[in-house]
Amino acid sequence: MRVVKIHNGRVLTPGGVLPRGTVVVRDGVIDAVAEGDLEVVEAGAGGGGERADEGVVLIDAGGRYVAPGLIDIHVHGGGGHDFMDGTVEAFLGVAALHARYGVTAMLPTTLTCPAEKLFQILEIYPAAARANDVGAQFLGLHLEGPYLAMGQRGAQDVRYLRNPDRKEYLEILARCPDIRRWSAAPELEGALEFGRFLRERGVVASFAHTDALYDETLEGFRNGYTLATHLYSCMNGVTRRGIHRYAGAVECAYLVPEIDVELIADGVHLPAPLLRLAYQIKGSERTVLVTDAMRAAGMGEGESVLGGLDGGMPVIVEDGVAKLPDRSAFAGSVATADRLIRTMVSEAGVPLAEAVRMMTATPARIIGVDGSKGSLEVGKDADIVLFDDQIRIGLTMIGGRVVYENL
């Protein structure tokens, strides 16, 4: 039995912060969370137990925060890799890079692409998930497209945008039962039937890259679309048509309490006032922070590629974000999870515990893993991260195993 004790830390729990708390892990599962320095006994062969803390791996948090592992439900790449590269090496490279920044679980995310390329990714996923012992755990796939609006395409490849095709998405889901969420534009022909189908299958339907106005978005919600993919980005807010103004997808996301929203809180995609507005309206319970990171995350500025190396889109990384070469639009984020939390705290004025919740308990609920992840509670997976007051990651633990350490 492997026992780990993390002590002398500020432990973030659902009930508040334990100023000098201890977290005990047994065989990859959280066994105890308490204030003070718990005495830990490792069971011996005779059942009487060994001397307290003997044989126990001790981790001194050194006054750092001890938090649940961060969960990124929208990420495309990092560390020079992209999931669209279609290799196990790329999957593992992305997972390892983001684990360095506190991510313990993620949804690998695809881009709009030819059907044969998508099928390649779907076939690679199970092998990559089995081989992944170096980084953030894969919790399933997130498909972004190809059912997206041309007018809100952003950096998505226009050659492959199309309306939902029942025969196609039935085949996709038959080939890959690991799809956990799918982003689409709800106003497209066939999109409402698609949303209902995803809901029946237990797949989270997200509205994204959409020209829908309020009423169309609301109809999408009624037919299964419960999450706003990167709120504000590639969707309408208040729109004027002729002499009249119309509410858009953004306003629908705000006005329907049951809709969850994603924020790319890198401080570039959205300015601080919009981050504060989203938090004040939706709260940490309905707001999830996502990196939407592409391959240049964790790398320097300069030229890069959005999507796979074999046919991806050239981009420029500058000013802390990726842009199309003509600088007409963002082309994905280069943010890491620690940066998102730091931005919400320092620029948007969100309390630390609430910002952390946006990358732990909230995404865990959205994708249905809150029974085992998302908070430091007895019986849950020992996915744990340590960080200091500047949100600099000191340690990342996944299932009780340390995958990154810089204490």
Side-chain angles (χ1 to χ4, degrees), residues 70-75 106-107 109 142 144 148-149 152 154 180-187 195 198-199 203-214 216-239 247-293 330 333 335 337 340-341 343-345 347-351 354-368 370 374:
L70 308 180
I71 302 172
D72 192 351
I73 64 172
H74 187 163
V75 53
M106 61 169 56
L107 295 186
T109 302
H142 167 209
E144 189 175 9
L148 307 174
Q152 295 284 3
R180 196 173 286 269
R181 65 172 289 203
W182 202 325
S183 291
E187 76 277 14
L198 293 180
R199 181 169 59 191
V203 177
V204 177
S206 311
F207 57 90
H209 293 267
T210 172
D211 268 322
L213 296 180
Y214 176 89
E216 295 168 307
T217 310
L218 182 60
E219 190 65 17
F221 166 73
R222 290 169 175 161
N223 284 272
Y225 293 83
T226 58
L227 173 63
T229 298
H230 45 52
L231 187 70
Y232 289 103
S233 297
C234 298
M235 65 177 63
N236 289 320
V238 176
T239 301
V250 172
E251 288 72 38
C252 186
Y254 281 147
L255 288 171
V256 178
E258 296 84 3
I259 292 180
D260 298 304
V261 301
E262 283 186 353
L263 299 179
I264 307 174
D266 59 0
V268 183
H269 279 77
L270 299 177
L274 292 183
L275 295 176
R276 289 199 298 271
L277 179 65
Y279 170 67
Q280 288 183 17
I281 295 175
K282 302 301 293 187
S284 62
E285 300 86 353
R286 290 289 178 181
T287 304
V288 56
L289 307 182
V290 297
T291 63
D292 195 15
F330 293 138
S333 154
L340 306 181
I341 294 174
T343 299
M344 292 302 290
V345 173
E347 297 185 25
V350 174
E354 297 288 280
V356 170
R357 180 173 182 167
M358 294 178 191
M359 283 209 80
T360 55
T362 300
R365 174 189 57 77
I366 290 172
I367 62 172
D370 49 328

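Since the structure is predicted, the reported quantities are computational estimates derived from the model, not experimental observations. In this chain, residues are counted from 1 in sequence order.
The only option from E144, E262, R181 that meets the side chain to side chain donor-acceptor pair (under 3.5 Å) definition with T229 turns out to be R181.
Ring geometry for F330 versus H269: interplanar angle of 30 to 60°, hence tilted.
Between R286 and D260 there is a salt bridge, since a side-chain N of the basic residue sits under 4.0 Å from a carboxylate O of the acidic one.
For T210 against A249, the heavy-atom pair with the smallest separation is CG2-CB, 4.4 Å. For the residue pair I71 and T360, the shortest heavy atom distance occurs at CD1-O, 3.7 Å.
For Q152 (side chain) and A149 (main-chain N/O), no donor-acceptor pair under 3.5 Å exists by modelled atom type. Under a 3.5 Å cut-off, the side chain of T362 and the backbone N or O of S284 do form a donor-acceptor pair. With hydrogens and angles ignored, the 3.5 Å screen pairs a side-chain donor or acceptor of K282 with a backbone N or O of A253.
For H74 and H142, the ring centers sit closer than 6.0 Å to each other.
For the atom pair I73 CD1 and D292 CG, the distance stands at 11.5 Å (nearest 0.5 Å). Atom OG of S183 sits about 7.5 Å away from atom CG of L148, to the nearest 0.5 Å. One distance of note links CZ of F207 with CE of M235; it measures 5.5 Å at 0.5 Å rounding.
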